[in-house]
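Since the structure comes first, as structure tokens, the remarks are kept for the end.
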Amino acid sequence: IVITGEDGEQIELYVLEETKIEGKTYLLVAESEDDEAEAYILRDDSSENDTEAMYEFVDDENELDALAKVFSELIDEDTTDESKQEDIQR
């Protein structure tokens with residue numbers, strides 16, 4: 001996805017994972033697909049009437065901690081599923 005930074009600069013981010021909690025959509029994103037890239041969590045703050053998604057960086061520490069746990073579990077599940085798929089293909 002491409003977002004516009006506070007200075008108007010276009011920033012390309014790669015979506016690593018997505019989840020929905022209490023009606024809000026959250027994205028785990030990074031600036032590259034490299035395993036060492038810094039990751040961020042975005043919240044979709046758009047309304048039903050918006051034609052484009054309105055993403056905001058999550059900066060509340062409690063919200064970040066809770067979401068980090070959720071995304072960690074999702075990534076662990078994905079990794080486990082990929083390993084199982086590789087075993088099946090062998």
Side-chain angles (χ1 to χ4, degrees):
I1 65 170
V2 177
I3 64 169
T4 303
E6 291 180 4
D7 59 0
E9 178 186 352
Q10 297 287 311
I11 305 166
E12 185 175 353
L13 298 171
Y14 296 87
V15 178
L16 306 175
E17 192 65 66
E18 177 179 0
T19 192
K20 192 171 224 171
I21 300 172
E22 296 181 8
K24 286 279 189 188
T25 299
Y26 295 91
L27 302 177
L28 178 65
V29 299
E31 292 178 354
S32 75
E33 294 178 295
D34 183 6
D35 288 340
E36 299 299 318
E38 190 165 342
Y40 306 97
I41 298 176
L42 300 177
R43 179 183 54 244
D44 184 353
D45 284 340
S46 57
S47 70
E48 292 177 13
N49 299 330
D50 290 329
T51 57
E52 293 185 7
M54 305 276 287
Y55 291 106
E56 293 289 331
F57 287 95
V58 175
D59 56 8
D60 177 78
E61 198 162 316
N62 292 329
E63 188 178 14
L64 270 174
D65 288 344
L67 289 166
K69 289 177 186 174
V70 170
F71 280 119
S72 178
E73 290 174 12
L74 289 171
I75 289 172
D76 286 346
E77 286 175 12
D78 287 348
T79 303
T80 302
D81 290 345
E82 287 175 11
S83 296
K84 287 179 184 176
Q85 186 65 25
E86 287 175 8
D87 290 342
I88 291 171
Q89 290 177 352
R90 289 182 193 165

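Only this structure's heavy atoms are used, side chains among them; waters, hydrogens and symmetry mates stay out.
- Linking Ile, Leu, Val, Met, Phe, Trp and Tyr residues whenever their side-chain heavy atoms come within less than 4.5 Å leaves Ile75 and Val15 in two separate clusters.
- Of all the heavy atoms in Leu27 and Phe71, the pair that sits closest is C-CZ, 3.8 Å.
- Atom-to-atom distance recorded for Glu73:CD and Glu17:CD is 11.5 Å, nearest 0.5 angstrom.
- Neither Met54 nor Ile3 shares a network with the other; the hydrophobic side chains, linked directly or stepwise wherever heavy atoms of I, L, V, M, F, W or Y lie under 4.5 Å apart, form separate groups for each.
- A distance of 12.0 Å separates NZ in Lys24 from CG in Leu67, rounded to the nearest 0.5 Å.
- Taken from CD in Glu31 to CG in Leu13, the straight-line distance is 6.5 Å, to the nearest 0.5 Å.
- Transitive grouping of hydrophobic side chains (ILVMFWY, heavy atoms separated by less than 4.5 Å) brings Val29 and Ile11 into a common cluster.
- Taking a 6.0 Å sphere around CD of Glu61, one finds it holds 12 or fewer heavy atoms contributed by other residues, nucleotides or ligands.
- Between Ala39 and Leu28, the closest heavy-atom pair is CB-CD1, 3.9 Å.
- Side-chain contact between Val70 and Tyr26 is absent, with no heavy-atom pair separated by less than 4.5 Å.
- Across Leu42 and Val58, no two heavy atoms sit closer than the pair C-CG2, 4.2 Å.
- In terms of heavy-atom proximity, Ala30 sits nearest to Leu16 at CB-CD1, 3.9 Å.
- Residues Ile1 and Ile41 do not share a hydrophobic cluster, defined by chaining ILVMFWY side chains whose heavy atoms lie under 4.5 Å apart.
- At least one donor-acceptor pair closer than 3.5 Å links the side chain of Asp50 to the backbone N or O of Ser47.
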Check the pair Gln10 / Thr4 against side-chain hydrogen bond (donor to acceptor under 3.5 Å, both in side chains), numbers first and verdict last.
CA-CA 5 Å; Gln10 297 287 311; Thr4 303; 3.0 Å; yes
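- In this structure, CG on Leu74 lies 14.5 Å from NZ on Lys69, to the nearest 0.5 angstrom.
- With hydrogens and angles left out, the side-chain atoms of Ser46 and Glu52 include no donor and acceptor closer than 3.5 Å.
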